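So the structure is just underneath, and the comments pick up after that.
Keep in mind it's a predicted model, so treat the numbers as computed, not measured.
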Amino acid sequence: MDYVALGDSLAAGQTPYHQYDKTYPDYLVKRFEQSQYGVSYDNFGVSGYTSENLKNDILNNPEVQDEIKKANLITIDIGANDLLAKLKTDPAHVTDSLMTVANNLQVILQTIDSLNPNVQVLVMGYYNPFPHYSQEQQASLLPLLEALNKTIEDRSIANGDKYVPMAQVIEKNEEQYVPNPEDIHLNLKGYQVVAKEFWKNIDKLE
């Protein structure tokens, strides 16, 4: 099995206290190995990556392109940093970032399809990264998260790829999985939950 992980700090394995550890692609690989698959695995996740960064990699990075051509499974998480950056710098126009994500994700998924028409692509929906915020603060942020996830879902389906929502499974224990009120990242238990959701959504690999 040839697996490529693409994305931001979640794919890269950033934990709630500014360190790096195992992440959901690592736990996914472990599940494949437990199921007697031989796994070739490349993780191109980079902390801080936006949809623009990933689009540039897909279009211009020969190493990424070569691994995509060989892969039979690709997971992607991208788009949250577009939204978070706009929230910080230009909150009045935060919805502009959704259009950016939609356009870039369209290019990303189309290009993957042209490089490897047979690869199975799973695209992640984001969980609530602000579970420790007040209800009032969350009331203005959660609709943006839902809009981002809807954008990701629409682009995934339009390209014949699979959208994997994460909000509900993380919400069950969100303060446990996102333990640091000052940080949006999952802990290892959270990444294991994400891996399990991906696992449940993978079609049988030949």
Side-chain angles (χ1 to χ4, degrees), residues 4-14 16 23-25 28 43-61 64 68 73-113 119-131 133 138 140-171 174 177-178 183-186 190-191 193-195 197-198 201:
V4 171
L6 303 170
D8 54 29
S9 56
L10 303 181
Q14 191 166 334
T23 183
Y24 71 84
L28 207 46
N43 188 336
F44 294 106
V46 181
S47 282
Y49 251 32
T50 63
S51 61
E52 187 75 19
N53 295 133
L54 182 56
K55 181 184 77 173
N56 289 338
D57 272 3
I58 299 276
L59 292 174
N60 303 311
N61 185 323
V64 173
I68 287 171
L73 176 69
I74 294 173
T75 60
I76 301 173
D77 73 277
I78 204 72
N81 286 320
D82 300 66
L83 192 69
L84 292 170
K86 201 75 171 165
L87 266 175
K88 282 179 187 168
T89 59
D90 188 11
H93 298 99
V94 70
T95 51
D96 293 356
S97 63
L98 300 175
M99 186 62 71
T100 303
V101 171
N103 293 338
N104 286 338
L105 196 52
Q106 180 64 30
V107 174
I108 288 163
L109 296 176
Q110 264 186 336
T111 307
I112 288 172
D113 202 33
V119 68
Q120 192 176 157
V121 180
L122 281 74
V123 190
M124 184 183 126
Y126 284 93
Y127 57 90
N128 173 17
F130 309 114
Y133 282 26
Q138 291 195 51
S140 62
L141 292 168
L142 289 182
L144 290 171
L145 176 70
E146 286 166 17
L148 173 64
N149 281 337
K150 184 77 172 72
T151 300
I152 294 168
E153 181 179 18
D154 289 350
R155 286 304 90 217
S156 303
I157 292 167
N159 284 279
D161 298 316
K162 193 174 283 190
Y163 171 75
V164 184
M166 296 294 171
Q168 281 185 305
V169 288
I170 296 299
E171 188 182 15
E174 59 187 358
Y177 298 143
V178 190
D183 192 276
I184 61 175
H185 294 93
L186 295 165
Y191 284 131
V193 170
V194 169
E197 285 304 297
F198 271 119
N201 282 278

K162 versus S156: any side-chain heavy-atom pair under 4.5 Å? no

For V94, all residues meeting side-chain contact (heavy atoms from CB on, under 4.5 Å), sequence neighbours excluded: L83, K86, L87, S97, L144

Derivation of the side-chain hydrogen bond (donor to acceptor under 3.5 Å, both in side chains) call for Q106 and N159: CA-CA 8 Å; Q106 180 64 30; N159 284 279; 3.0 Å; yes

Note: A80 and L148 closest approach over all heavy atoms is CA-CD2, 3.9 Å

Would a 4.5 Å heavy-atom cut-off, applied to side chains only, mark T23 and V194 as touching? no

Walk me through it: do D113 and Q110 pass the test side chain to side chain contact (heavy atoms under 4.5 Å, CB included)? CA-CA 5 Å; D113 202 33; Q110 264 186 336; 5.6 Å; no

Under a 3.5 Å distance rule, please check whether S9 uses its side chain to pair with a backbone N or O of A12 as donor and acceptor. no

Within the 4.5 Å heavy-atom criterion, are E171 and N128 side-chain neighbours or not? no

Only pairs at least two apart or in different chains count here, so list each salt bridge (charged side-chain N to carboxylate O under 4.0 Å, His left out) that has a residue in residues 149-160. K150-D154

Nearest-0.5 Å distance that lies between atom OG in S51 and atom CD1 in I58: 11.5 Å

Please determine which of T100, N104, N103 meets the side chain to side chain donor-acceptor pair (under 3.5 Å) test together with E52. N104

Which heavy-atom pair separates P129 from P131 by the least distance, and what is that distance? C-CD, 3.2 Å

Identified side chain to side chain donor-acceptor pair (under 3.5 Å) counterpart of Y49 within the set D57, D8, N81: D57

Identify the two heavy atoms, one from I68 and one from V4, that lie closest to each other, and give their separation to 0.1 Å. N-CG2, 4.4 Å

Residue pair Y24 / Y191: nearest heavy atoms and the distance that separates them: CB-O, 3.5 Å

I'd like to check M124 versus F198 (side-chain heavy atoms, cut-off strictly below 4.5 Å). Are they in contact? yes

Spacing of L105 atom CG and T151 atom OG1 [to the nearest 0.5 Å]: 9.0 Å

Heavy-atom side-chain contact between L73 and V119 under 4.5 Å: no

Criterion side chain to side chain contact (heavy atoms under 4.5 Å, CB included) against P25, the qualifying member of L10, N43, D77: N43

Measure across S47 and Q14 and return the closest heavy-atom pair with its distance rounded to 0.1 Å. OG-OE1, 2.7 Å

Please tell me if the side chains of L145 and F130 come closer than 4.5 Å, counting only heavy atoms from C-beta onward. no

Is there a donor-acceptor contact under 3.5 Å from the side chain of D82 to the main chain of V101? no

Do I108 and L59 come within less than 4.5 Å of each other through their side chains, counting heavy atoms only? no

Among V46, V64, V123, exactly one meets side chain to side chain contact (heavy atoms under 4.5 Å, CB included) together with L6. Which residue is that? V64

Which atom names give the shortest non-hydrogen contact between I152 and I78, and what distance separates them? CD1-O, 3.6 Å

Might you work through the side chain to side chain contact (heavy atoms under 4.5 Å, CB included) test for D161 and L122, ending with a clear yes or no? CA-CA 6 Å; D161 298 316; L122 281 74; over 6 Å; no

With side-chain hydrogen bond (donor to acceptor under 3.5 Å, both in side chains) as the criterion, how do H93 and D96 come out once you've worked through the C-alpha distance, each side chain's angles and the decisive distance to 0.1 Å? CA-CA 6 Å; H93 298 99; D96 293 356; 5.1 Å; no

So, taking the atom named CG in L141 and the one named OH in Y133, what distance separates them when rounded to the nearest 0.5 Å? 7.0 Å

